[in-house]
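As the structure lists them, so they are numbered: ligands from 1, and atoms in each ligand from 1.
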Amino acid sequence: MSMISRLGQYHRCASSLSPALGMVVARQKHTLPDLTYDYGALEPHISAEIMQLHHNKHHATYVNNLNVTEEKYKEALAKGDVTAQVSLQPALRFNGGGHINHSIFWTNLSPKGGGEPQGELAVAIKRDFGSFQAMKDKMSASTVAVQGSGWGWLGLEKETGKLRITACSNQDPLQGTTGLIPLLGIDVWEHAYYLQYKNVRPDYVNAIWNVINWENSIFLTGAWSDWSRPGRW
Ligand SMILES: [Fe+2]
């Protein structure tokens, strides 16, 4: 199954139906996407314990809280309560970003990962950074330097078609806060590495390159628009 097909499993599902208007209205909930590999499959680079907690507890919490926040937001919209809408926006940003970021992150990893990309992404990396190693060094440094919790990103600038490296704080989603299309994200919240790497974030960032999924079809085909499609996650 192609990566794009697998990503297709992550769409929202209808959770309840309302006959109130004499018609069926689907209310959609976000769901925790399944991993395409076992929790222990990324060892020794990322431990099974980290993967299980990270996916089944941390990501699941973002999904649950996003659904709760969206319900409250819908109620606030229905009431025309702008104050309530504004007060809910930080939770929407945090939990919506957490869901989007982690959904992308799982597809960025593979037990068969590592090495260097091929195809369109390899060409773009060489064009924009000079070499794969230069890109890797720059992204590693930028990601390690995130203050507190956040993410390092390789993104695509839609207007120019150029690759960019940047970092986001907390769970700020790359596209929603910078406009860049997310390609590769590295989670540097402590929950992503502390159980195995303790406070040595550089060792975790160095190790994660061994499980980066360069076979991800979004890298091979440049089909980034699928990840920027509204309702995708
Ligand atoms: Fe995380």
Side-chain angles (χ1 to χ4, degrees), residues 3 6-7 9-10 12 30-70 90-111 113 139-155 165-178 180-213 216 218 227 232-233:
M3 179 59 70
R6 273 185 278 140
L7 288 171
Q9 298 173 359
Y10 297 176
R12 302 174 187 187
H30 301 277
T31 57
L32 181 68
D34 291 332
L35 299 188
T36 57
Y37 41 83
D38 294 336
Y39 287 135
L42 304 181
E43 290 188 342
H45 309 294
I46 304 178
S47 74
E49 185 181 19
I50 286 177
M51 289 299 294
Q52 181 165 14
L53 287 168
H54 201 173
H55 177 256
N56 202 35
K57 298 295 182 188
H58 291 280
H59 188 173
T61 300
Y62 295 121
V63 171
N64 292 338
N65 288 339
L66 174 59
N67 285 325
V68 169
T69 304
E70 283 194 343
L92 197 59
R93 177 176 181 145
F94 184 72
N95 294 296
H99 177 44
I100 292 170
N101 291 341
H102 287 88
S103 296
I104 293 170
F105 185 58
W106 309 131
T107 75
N108 281 166
L109 305 174
S110 167
M139 184 166 174
S140 293
S142 171
T143 304
V144 167
V146 169
Q147 292 187 337
S149 300
W151 292 72
W153 285 103
L154 176 68
I165 285 170
T166 190
C168 292
S169 298
N170 302 313
Q171 293 296 357
D172 287 357
L174 183 70
Q175 188 172 5
T177 56
T178 70
L180 295 173
I181 308 297
L183 296 181
L184 174 63
I186 299 178
D187 185 348
V188 285
W189 278 62
E190 286 190 344
H191 67 224
Y193 63 88
Y194 198 86
L195 285 174
Q196 186 174 0
Y197 294 93
K198 302 297 185 288
N199 60 317
V200 192
R201 183 187 282 178
D203 284 357
Y204 157 71
V205 171
N206 188 49
I208 204 169
W209 292 101
N210 294 309
V211 286
I212 294 297
N213 178 22
N216 194 330
I218 199 170
W227 282 5
R232 178 67 186 81
W233 309 106

For a 4.5 angstrom cut-off between non-hydrogen side-chain atoms, does [X] reach [Y]?
| X | Y | answer |
| --- | --- | --- |
| T166 | L174 | yes |
| H55 | L32 | yes |
| R93 | T177 | yes |
| H102 | P33 | no |

| Protein N, O or S atoms at less than 2.8 Å from the Fe ion (ligand 1), how many? |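 Number of qualifying protein atoms: 4.
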| Is the closest side-chain donor-acceptor distance between H58 and W189 under 3.5 Å? |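 No - no donor-acceptor pair under 3.5 Å links their side chains.
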| task | Look at the side chain of N210 and the backbone N and O of A207, then say whether any donor-acceptor pair between them is shorter than 3.5 Å. | result |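 Yes; at least one donor-acceptor contact below 3.5 Å.
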